[in-house]
Q: 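Shown below is the structure under consideration.
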There are 2 protein chains.
Amino acid sequence: MAKFDERDDREANQDDRACSIQDSLDILGDRWTILIMRDAFRGVRRFDDFRRDLDIARPVLTERLKRLVVAGVLDRRLYCERPPRYEYRLTPMGAALSPTLVALMRWGDEWLTDEPPTVLVHETCGEPLDQAFVCWHCDETFTQSAIASRPGLTPTT
Amino acid sequence: MAKFDERDDREANQDDRACSIQDSLDILGDRWTILIMRDAFRGVRRFDDFRRDLDIARPVLTERLKRLVVAGVLDRRLYCERPPRYEYRLTPMGAALSPTLVALMRWGDEWLTDEPPTVLVHETCGEPLDQAFVCWHCDETFTQSAIASRPGLTPTT
DNA sequence: ATAGGTGAGTTCACATTCAGAACCAAGTCG
DNA sequence: CGACTTGGTTCTGAATGTGAACTCACCTAT
């Protein structure tokens, strides 16, 4: 993934750079990190709570949290001085992952589970929310099936 | 991740099941799979094209593609009889991952890259699209920052 | 007809990463 | 005092990933 010595620039016409999905996955792309983020969204903040909830090996959790803090996605802060205790909180950058996690969740709900999906509801009216694409210009909204042209992420072509 | 023998049901109060994010990650959750899917969205279909584009080890690619086919996300079909050649195409289930990939891409664009983001444009008007939550009932649209209550994926609490 | 090339793998030896258990440190509670 | 908690680190085998070489079926050029 790092050694592209013998590559001709075949891929340059396709997307002219490593693609930001790859960049995102450099931070999130291992078996645990997204689950850690999911827990963080749920409000989990402490080392042992992550560990217990995920059933993850301690050294791995230590390393992942460190990476996430370095990446700027979590913030490690002392929440108790005298027995020094830390908690990990979402930074704005981490919180910005919510659409990604929601999309993953909805996909799993739709295609993988028989159980009733976790619906997101509109706080003010209690009706279910949908995740969609919106064109502020035309004031049109459409779900993914209706979107056709996406430069850099071309559809089935 | 599979052996929960000694777990008490501590997590039952939090979300009463494995959570569909976990289910999704059982399929997508390793360093390569999401990149493979991204390539599939871009129109890559053949073994060697995936291999070259991703610079992934052959055995791993073989195994990943097999898993994705079993999972129902890709479809392996013979596209040439006499030298038997296969191609891997997105199934509807695979295509349904588009919001997830878009969300990942947008996150990477916004937080990780200095380069101009890949904007998605509305085909009919050419204006940039946004990914958002929409309440069909109130006919209101809001981006993730404005969403507050999500059962099962509670915000920062 | 033979030599070389390609697509799609498999097999193998080696390196990295992960898991699980034990250990440690700093503080707190009984 | 000793036990317990949180948040780690260190260690050792197991699992996984890596790259190189090999296979097999076919195709193309000479």
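Computed over heavy atoms, backbone and side chain alike; hydrogens, waters and symmetry mates excluded. A, B, ... follow the sequence lines: proteins, then strands. Residue 1 opens every chain.
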Q: Identify each atom pair where a protein N or O and an N or O of nucleotides 6-8 of chain C are less than 3.5 Å apart, giving names and distance.
A:
{"unit_1": "C/dG7", "atom_1": "O4'", "unit_2": "B/R85", "atom_2": "NE", "d": "3.4"}
{"unit_1": "C/dG7", "atom_1": "O4'", "unit_2": "B/R85", "atom_2": "NH1", "d": "3.2"}
{"unit_1": "C/dA8", "atom_1": "OP1", "unit_2": "B/Y86", "atom_2": "N", "d": "3.4"}
{"unit_1": "C/dA8", "atom_1": "OP1", "unit_2": "B/Y86", "atom_2": "O", "d": "2.7"}
{"unit_1": "C/dA8", "atom_1": "OP2", "unit_2": "B/F47", "atom_2": "N", "d": "3.2"}
{"unit_1": "C/dA8", "atom_1": "OP2", "unit_2": "B/D48", "atom_2": "N", "d": "3.4"}
{"unit_1": "C/dA8", "atom_1": "N7", "unit_2": "B/R58", "atom_2": "NH1", "d": "3.4"}

Q: Report the residues that fulfil salt bridge (charged side-chain N to carboxylate O under 4.0 Å, His left out) with B/E87, sequence neighbours left out, ordered by chain and then residue number.
A: B/R89
Q: Check the distance between C/dA19's C1' and A/L61's CG and give it to me in whole angstrom.
A: 13 Å
Q: Between the main-chain N or O of B/M93 and the side-chain N or O of A/W107, is there a donor-acceptor pair closer than 3.5 Å?
A: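 The answer is yes, because a donor-acceptor pair under 3.5 Å joins these two groups.
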Q: Take the protein atom CG of B/D30 and the nucleotide atom P of C/dT17, then report the distance between them rounded to whole Å.
A: 15 Å
Q: Which whole-number value in Å describes the distance from A/D55 CG to C/dG20 C1'?
A: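 Computing the A/D55:CG to C/dG20:C1' distance gives 11 Å.
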Q: Atom CH2 of B/W32 to atom C1' of D/dT16: distance rounded to whole Å?
A: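 For the pair B/W32 CH2 and D/dT16 C1', the rounded distance is 13 Å.
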Q: Which residues pass the salt bridge (charged side-chain N to carboxylate O under 4.0 Å, His left out) test with A/R64, sequence neighbours left out?
A: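 Applying salt bridge (charged side-chain N to carboxylate O under 4.0 Å, His left out) to A/R64 gives A/D30.
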Q: With clusters built from Ile, Leu, Val, Met, Phe, Trp and Tyr whose side-chain heavy atoms come within less than 4.5 Å, directly or transitively, what are the remaining members of the cluster of B/Y86, listed by chain and number?
A: B/L78
Q: Which part of the nucleic acid, if any, lies within reach of A/V60 when heavy atoms closer than 4.0 Å are counted: base, sugar-phosphate only, or nothing?
A: sugar-phosphate
Q: I want to check one thing: is the phosphate of D/dG7, taken as OP1 and OP2, less than 4.0 Å away from some side-chain N or O of A/K66?
A: no
Q: By the salt bridge (charged side-chain N to carboxylate O under 4.0 Å, His left out) test, which pairs, at least two apart or in different chains, include something from residues 69-78 of chain A?
A: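 As it turns out, the salt bridge (charged side-chain N to carboxylate O under 4.0 Å, His left out) pairs with a partner in residues 69-78 of chain A, which skip direct neighbours, are A/D75-A/R77.
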Q: Rest of the hydrophobic cluster containing A/V70 (Ile/Leu/Val/Met/Phe/Trp/Tyr, side-chain heavy atoms under 4.5 Å)?
A: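 For A/V70, no cluster forms, as it stays isolated from other hydrophobic side chains.
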Q: In whole Å, I'd like the distance from the CZ atom of A/R45 to the C1' atom of D/dT6.
A: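 From A/R45 CZ to D/dT6 C1': 17 Å.
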Q: Would you mind reading off the distance between A/R64 atom CZ and D/dT9 atom P, rounded to a whole angstrom?
A: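 After rounding, the gap between these two atoms is 14 Å.
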Q: Send over the distance from A/L65 CG to D/dG7 P, rounded to a whole Å.
A: 10 Å
